[in-house]
Amino acid sequence: MHIPDGFLSPQTYLPAWGLAAVAWWLAVRGLRHRFDEETIPRLAVLTALAYGLGLVMLPLPGGTSGHALGVAPMALIFGIVPAFLAYSLVLLLQALLFGAGGITALGVNALTMGLAGATAAVVAKRLAGRRDAAGVCIGAWLSVVVPAVLLALVLGIQPLLGRRTDGTPLFFPFGLAVTLPAVLIPHLLIGIAEAALALAIWRHAKRRKWIE
């Protein structure tokens, strides 16, 4: 699901970097005095899991790839802000060390997979009320599907943002008719696996009293 360098126009990635930078700054400010000696290693474990999941990528038609995210357990256990920051770090390391995703696309990837994915998981869980298992599963599923839709939209509008004199796109060449089904349909299924993983982690966290 990572968008690599070269696929996005400057009209896309520069504003996304600006929005992400503001979100990171606000997130860091909001985390002061929030972490303790027990929370940090727990979050680190789930961050490492998300890092590993993001490297197991399934190539998909339309020029992208699919993978589980692992952002939902972080968001459901620790909250949206820690999950967003942790997943942004995951994306940065994957881009620098393995070429999974890109630096120019980091803002888009972080806002969609990190922020939107974490928010979708937490909102769905809260709407589910006391139905913990259902809320976790739906939230985890949405944490994959919502970013997939957003990334498909971002990729699909790229042909409209820059063309050569002969009419060929300067950046990502496929429109929404390709990107939406190519990205979304596989992630509807990947989201099911994400839900099962998130539920297992959630139940483990409850047993270990990570969650009140």
Side-chain angles (χ1 to χ4, degrees), residues 1-2 23 27 30-31 34-36 38-58 60 64-91 108-154 179-212:
M1 195 191 299
H2 297 69
L31 282 183
R34 183 169 176 176
F35 286 162
D36 55 34
E38 293 184 350
T39 301
I40 292 175
R42 292 170 181 173
L43 180 59
V45 168
L46 295 186
T47 303
L49 174 63
Y51 180 82
L53 290 173
L55 294 177
V56 183
M57 291 182 283
L58 173 68
L60 301 176
T64 186
S65 61
H67 58 83
L69 298 185
V71 72
M74 291 191 289
L76 293 171
I77 295 170
F78 301 106
I80 294 172
V81 172
F84 169 54
L85 287 176
Y87 205 79
S88 296
L89 176 61
V90 166
L91 292 169
V108 170
N109 289 331
L111 290 172
T112 52
M113 289 185 278
L115 186 56
T119 302
V122 170
V123 170
K125 175 64 175 62
R126 288 177 180 173
L127 290 176
R130 295 185 178 181
R131 295 170 294 178
D132 280 354
V136 169
C137 289
I138 295 170
W141 185 77
L142 287 174
S143 77
V144 173
V145 173
V146 169
V149 171
L150 295 175
L151 287 170
L153 292 173
V154 170
T179 61
L180 279 172
V183 178
L184 179 58
I185 292 174
H187 284 93
L188 295 175
L189 300 177
I190 293 173
I192 296 174
E194 182 92 12
L197 175 64
L199 183 59
I201 295 172
W202 171 268
R203 286 175 170 170
H204 174 77
K206 291 281 283 187
R207 288 194 299 269
R208 297 296 297 269
K209 299 188 184 301
W210 292 10
I211 307 168
E212 297 298 333

Mind checking the NZ-CG spacing from Lys125 to Leu142? Nearest 0.5 Å is all I need. 14.0 Å

Heavy-atom pair of closest approach, residues Ala195 and Ala140: CA-CB, 3.6 Å

If you round to the nearest 0.5 Å, how far is CG of Leu111 from OG1 of Thr119? 10.0 Å

In sequence, state the C-alpha distance, the side-chain angles, and the governing distance for Met113 and Leu151, and then conclude on side-chain contact (heavy atoms from CB on, under 4.5 Å). CA-CA 9 Å; Met113 289 185 278; Leu151 287 170; 4.2 Å; yes

Taking all heavy atoms of Ala133 and all of Leu199, pick out the closest pair and write down the distance. CA-CD1, 3.9 Å

I'd like to know if the side chain of Trp141 and the backbone of Glu194 have a donor-acceptor N/O pair within less than 3.5 Å. no

CA sep, side-chain torsions, deciding dist, call: Leu49, Ile201, side-chain contact (heavy atoms from CB on, under 4.5 Å): CA-CA 11 Å; Leu49 174 63; Ile201 295 172; 3.4 Å; yes

To check you understand the geometry: which heavy-atom pair defines the closest contact between Val183 and Ala152, and what is its length? CB-CB, 3.9 Å

How long is the gap from CG on Leu184 to CG on Leu189, to the nearest 0.5 Å? 10.0 Å

Quick check: closest heavy atoms across Pro82 and Leu43, and the distance to 0.1 Å? CB-CD2, 4.2 Å

Check Ser143 against Gly117 and note the closest heavy-atom contact, atom names and distance. CB-O, 3.3 Å

How long is the gap from CG on Leu91 to OG1 on Thr112, to the nearest 0.5 Å? 8.0 Å

The reported gap from CD1 in Ile80 to CG in Leu115 (rounded to nearest 0.5 angstrom) is 7.5 Å

Side-chain heavy atoms of Leu53 within contact of Leu197, under 4.5 Å: yes

Are Val122 and Arg126 side-chain neighbours, meaning at least one heavy-atom pair lies under 4.5 Å? yes

Working to the nearest 0.5 Å, report the span between OG1 of Thr179 and CG of Leu153. 7.0 Å

Nearest heavy-atom contact between Ala50 and Tyr87 is CB-CE1, 3.9 Å

Side chains of Asp132 and Lys206, heavy atoms from C-beta outward: is any pair under 4.5 Å? yes

